[in-house]
*Asks:* 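So that we are looking at the same thing, I have put the structure below in structure tokens.
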Amino acid sequence: MFSTVLVANRGEIALRVARACRELGIRTVAVYSTADRDSAVVRFADQAVHIGPPPSRGSYLSVPAIIEAALQTGAQAIHPGYGFLSEDPDFAEICEMHGIVFIGPPAPVMQQLGDKAVARTVMAGAGLPVLPGSIGALTSAAEAKELAREVGYPVILKAVAGGGGRGMAVVRGADQLRLAYRETQAHARAVFGDDRLYLERFVEDARHVEVQVLCDTHGSVIHLGERDCSVQRRHQKLIEESPAPGLSPAVRDALRAAAVRGAAAVGFVGAGTFEFVLTPEHEFYLMEINCRLQVEHTVTELVTGVDIVREQITIAAGLPLSVRQEDVTVRGVAIECRVNAEDPERDFAPAPGLLAEFVPPGGPFVRVDTHAFPGWRVGPDYDSLLAKTSVWAPDRDQAIARMDRALGEFQVAGSGVRTTLGFLREMLAHPLFRTARHTTGLVGSRHEATGPATEEPARVG
Amino acid sequence: MFSTVLVANRGEIALRVARACRELGIRTVAVYSTADRDSAVVRFADQAVHIGPPPSRGSYLSVPAIIEAALQTGAQAIHPGYGFLSEDPDFAEICEMHGIVFIGPPAPVMQQLGDKAVARTVMAGAGLPVLPGSIGALTSAAEAKELAREVGYPVILKAVAGGGGRGMAVVRGADQLRLAYRETQAHARAVFGDDRLYLERFVEDARHVEVQVLCDTHGSVIHLGERDCSVQRRHQKLIEESPAPGLSPAVRDALRAAAVRGAAAVGFVGAGTFEFVLTPEHEFYLMEINCRLQVEHTVTELVTGVDIVREQITIAAGLPLSVRQEDVTVRGVAIECRVNAEDPERDFAPAPGLLAEFVPPGGPFVRVDTHAFPGWRVGPDYDSLLAKTSVWAPDRDQAIARMDRALGEFQVAGSGVRTTLGFLREMLAHPLFRTARHTTGLVGSRHEATGPATEEPARVG
Amino acid sequence: MKPERAEWERRAGERRESDRRADGDVDAPRPVRPLPSGGVALDELCRNVVRLAQATGAPPRRIRLQDGQTTVEVEWPDPVAGPVASVSPAALAAAAADERAAGPDAEAPDALGYVRAPMVGTFYHASAPDAPPFVRVGDLVEAGQPVGVLEAMKMMSTITTQTGGRVVEILAPNAQPVEFDQRLIALEPVAADEDAR
Amino acid sequence: MKPERAEWERRAGERRESDRRADGDVDAPRPVRPLPSGGVALDELCRNVVRLAQATGAPPRRIRLQDGQTTVEVEWPDPVAGPVASVSPAALAAAAADERAAGPDAEAPDALGYVRAPMVGTFYHASAPDAPPFVRVGDLVEAGQPVGVLEAMKMMSTITTQTGGRVVEILAPNAQPVEFDQRLIALEPVAADEDAR
């Protein structure tokens, strides 16, 4: 086992990873930008290194700074969290070159799955269902148009290098295709530095269901059940739950089996997520594969009892999985709500500020993952995730009631600070959500095109 | 189901009960003394009634004030929490007289089990193992001496009306008996208003193991596994866990069966606990039966997934248990640590004060039950319980590591405030505890006689 | 849902209100703990605080000085509650909210005395539904005089005033529930000579 | 267990230290440690706060000073509700953000200038183990002059000073790791005529 691990991230996930390390008896090194000098993980970690200025390209995205910090502090491994460098195969390779273990899938696997067009092709080859669409990247708008005609409208254009809900546009008719192609291409070039696109049929009224997999270096490939993440706003997940409600045993088993088959096919190692679109007829198609920890891993942990971050670390250290597939049982229902420092009244604009009051909920079957504390200043430099509130209950109704109770007692106040707490409670109370008949259109922004280009990688999962 | 429930308690347990009510859709009424006017449950509840001054005899122990508050607010039921009036059969009867449901066992059952000498006799009759000792209450020191000679020293003298670790004295030889008798009698008279005593053989190096039972009004009697509560200081529990470590399946089954048999024998209804002393040879003997929620119910909830407070309420409303015995599975290991506002350096003297900083731990598999928050003033009027930290893990070693991590990140500061956080971590690190070979003597105060007489009922369970 | 949340906010308001009260409703610094050997430190502190207040135009809210075993902690009232010369709209709104949430007992310290409820119960103005009330506004009462009845657990107990004075207001309505320590009747002190008349 | 806890406490100490810096010293010189006594510390603090307040026109919200056994903590009321009408919350927030962003060595502008590490790496005083150091204490340097080398990811980059002056101290030892923005070399400004000599 590693004696020192560097956590190359910030916010709640950096603390989450550092906690897992502490419980494993591993010394933790935090890295921080100037904006995060007083952050929770800096307080918590055994050592902390100041790696750069607030803009993440000079700090959390700076490969040299992070590698140097790892070398200086004797870290044998780096956990990248989610976002930032977590799915960057170059970073994984550079870690390896310096004798540092990258806690994640092997670089070639990330390379392959990071190219969404390649991933689509590989997975179709492994027998996973993919939506009708392009094989490999498109070469021109004309090709796209021709293909769309074959596939049938609506279609969705996606950046090959995209993911996490960014770099995509739904096209409803041939007359819109050329413009959408140009715009999405420009967006992809600006954000990902790669303007290649691919095209798929677009499913209306779809649900987003994803399967968590764990793979060790000894050939074990298991799933930890699935999550429903259909409550989204502009492709950003807001509420997630496990298991996915209302699936027949046959569909559930098929989903899980598909993910395990796909993971085995590419030689996946570590924790990954197979994201599927589920049609109203409960047919499912692969959307993309994430080579990292997801934000919403907590709900899977609550129903299975498996500590996913711990498994990531022990897998990277060469140990076998702590559980076999037959040991994994899904008990009850878990829900996660992302409490963001955003103002729902102002189109969810970030609402940063100094937290004068911050009392998270507690009590039975409530878990809170947060880096915030009274006196913490929610800054404008990074994403607006303030706290993840997760609950467990024997059934879905009780879990919803418990989440509503928990969100109701969450006290956050500070000059300028607004949160999505009230909005989340409205979503929980929505009849479609309560009866598990909701789709990604619930929040009412499904048909919107790509969001504004921002510097930060979106934290969809 | 009730539409309004009054919570006749304070502190973390009042909040715990109010949370359960909220999740059940029940309106909650808090009652508070002047000292608790800004308390968490007063904030949380739908309504709050000021019932008396800080001394609990005029507020939390004032039957008229609580009944009046219930009548004023239209409460159909009262949850008494633990301590205070929770095991008072007179209170239960008065509730009934006023058409209010007392959430707890029927008054006659409480009456019977509250008299420890009677309970001993009744349970022996039901076939539960009891330690050799007196049948019924002692009538004189001479009788005690005669009986002690038969039973063999050491023996323990206990107040018939006692419980919760108070009103008892270990006697190691005949020469000490008369004095111990007089002192314990005086103590019992002062604290319980009942100076009757009984006597049992005292087991050295014992463990304290207790079984949680749930009984509904439809004849179902089930157990939720057992807890080990051997880490005690002066008979006050500090660390509890479930399941009890190191028991053979045969002993575990016998313990659980005994509790179920005992509960059925007395017509128990609600949540109760059968406390046993476990000898180094893993023989067990009944100590006492608690007719209320225990402080440490959280660990049972974490391993079974059963919300015990919710069951208490639904049982009182006449509903059947939500689970059958065969549905109850104990998964993993849960540990609870009681974080008290006490100064371990000064013999655990209460260390109240204003909480300038209060950041409880969070993250994976950590549950915190607390009424404290930044700005809350820990007062001198009540017991010193500040927060219960509970963790779950697949096995005991991981649970201990997790608890140590959680306690390590718990930040409490304030002028005058000291906590047992560091002391608890020392206990967790103790080789005897780590290897589950600890007994109630671990903290080193086992041989001490009764603690000082204080106004508040001790919150041992 | 809605009433629950409204209630929650009301309670939060109450808490702020009582925080304010707990912080001290006087202008003078309030030493929380006396110092064994900290007289000099306190002296020093106060002298410096005066300088600070003069320099900034506002007294601090809290000062704490600790040296080894010695701690001095001083708190000032929140300016919302204090005599604020130039009041901002935000402060006014906050003050109004406090007042709304504060309930019947949150009045400024005044010259009045109060008869308070000795316990939770139902307050009656008269000994029977058809009997005249014990007191009316304007009445002069003497210490020990019955002024109402409290019913708790079906038991009636007479409430007497501990001080004499003129009844200014009957604060708790007839036959309505009251909480512990709730103000029932407001009394205005009466000068000794007037009292004697 | 033990080292972990010790480490934790060390960090807690560090945190307080950095809180103090972040909260307290915007403009005033940081008190030189160790502080002889609480009284002197307080004197020092207050003197500096007076200057600070006069300079900024608004009192800080909180100041805490700790040195060994000595802690001084001062909080001012939230200016939003207080009598300080001239300062908007937005301005305060901006000021606080500036403060926060100022970095680890956000000390009061003193007379010295600093060459800082542009990134995490290893700092070398000389271009090779047997080469003479780029600069020594007492040397006069010009803007743009090389003063050291930083190695990061096996790449050597020359560090040059952006301002001229006299080298007062080499703060980072040779061949040791440095963090982003860490002070490497302290420079004393030199009068133009002296510089010209």
Side-chain angles (χ1 to χ4, degrees), chain A residues 12 15-16 18-25 40 43-44 297-298 301-302 305-310 322-323 327 329 331-332 356-375 387-388 390-395 398-406 408-409 411, chain B residues 12 15-16 18-25 40 43-44 297-298 301-302 305-310 322-323 327 329 331-332 356-375 387-388 390-395 398-406 408-409 411:
Chain A
E12 66 87 16
L15 189 59
R16 168 71 185 91
R19 282 169 168 155
C21 292
R22 175 76 40 89
E23 292 176 13
L24 279 161
R43 293 179 177 202
F44 181 87
H297 72 279
T298 58
E301 293 186 329
L302 285 174
V306 176
D307 182 334
I308 295 173
V309 178
R310 184 188 182 98
S322 75
V323 284
D327 302 328
T329 53
R331 174 149 110 174
E357 193 175 21
F358 187 82
V359 182
F365 305 105
V366 172
R367 164 181 175 176
V368 179
D369 286 77
T370 184
H371 58 296
F373 51 87
K388 301 184 328 200
S390 310
V391 303
W392 179 93
D395 61 45
Q398 285 185 50
I400 292 172
R402 182 160 280 159
M403 178 63 86
D404 188 64
R405 182 273 289 175
E409 68 180 74
Q411 293 173 272
Chain B
E12 66 87 16
L15 189 58
R16 168 71 184 90
R19 281 169 168 155
C21 291
R22 176 75 41 88
E23 293 176 12
L24 279 162
R43 293 180 177 201
F44 181 89
H297 72 278
T298 59
E301 293 185 329
L302 286 173
V306 176
D307 182 334
I308 295 172
V309 179
R310 183 187 184 96
S322 75
V323 285
D327 301 327
T329 53
R331 173 148 109 176
E357 192 176 21
F358 187 83
V359 183
F365 305 105
V366 172
R367 163 181 176 176
V368 179
D369 285 79
T370 184
H371 57 296
F373 52 85
K388 300 183 328 198
S390 310
V391 303
W392 180 92
D395 61 45
Q398 285 185 52
I400 292 173
R402 183 159 280 158
M403 178 62 85
D404 187 64
R405 182 273 289 175
E409 70 182 72
Q411 291 172 272

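Just so it is clear, the values below take in all heavy atoms, side chains as well, and ignore hydrogens, waters and symmetry mates. So you know, we letter chains A, B, ... as the sequences are listed, proteins then strands, and number each from 1.
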*Asks:* Identify the residue among A:L302, A:T298, A:D369, A:V309 that makes a side-chain contact (heavy atoms from CB on, under 4.5 Å) with B:P364.
*Replies:* A:D369
*Asks:* Please classify the contact between B:V359 and chain A as side chain, backbone, both or neither, with a heavy-atom cut-off of under 4.5 Å.
*Replies:* side chain
*Asks:* Taking the basic N atoms (NZ, or NE/NH1/NH2) and the acidic carboxylate oxygens, is any pair closer than 4.0 Å for A:E409 and B:R19?
*Replies:*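 Yes, charged N to carboxylate O under 4.0 Å.
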*Asks:* Hey, could you give me the CH2/CD distance between B:W392 and A:E301, rounded to the nearest 0.5 Å?
*Replies:* 10.0 Å
*Asks:* To the nearest 0.5 angstrom, please state how far the CZ atom of A:R405 sits from the CZ atom of B:F44.
*Replies:*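 Rounded to the nearest 0.5 Å, the CZ-CZ separation comes out at 6.0 Å.
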*Asks:* Shorter than 4.5 Å, heavy atoms on both sides: which option in B:M403, B:K388, B:R310 has the most such pairs with chain A?
*Replies:* B:R310
*Asks:* So which part of B:T329 gets closer than 4.5 Å to some heavy atom of chain A, the side chain, the backbone, both or neither?
*Replies:* both
*Asks:* With chain B, which of A:A393, A:A406, A:G362 has the greatest number of heavy-atom pairs at distances under 4.5 Å?
*Replies:* A:G362
*Asks:* Can you find a heavy atom in the side chain of A:D307 that is under 4.5 Å from one in the side chain of B:Q398?
*Replies:*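 A:D307 vs B:Q398: side chains apart.
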*Asks:* Using heavy-atom distances under 4.5 Å, tell me whether B:F365 contacts chain A through its side chain, its backbone, both, or neither.
*Replies:* both
*Asks:* Considering only heavy atoms, which portion of B:R16 lies under 4.5 Å from any heavy atom of chain A: side chain, backbone, both, or neither?
*Replies:* side chain
*Asks:* In Å and rounded to the nearest 0.5 Å, what is the CG to CZ distance from A:L24 to B:R402?
*Replies:* 9.5 Å
*Asks:* Write down the atom of B:P374, the atom of A:P374, and the distance for their closest heavy-atom approach.
*Replies:* CG-CG, 3.9 Å
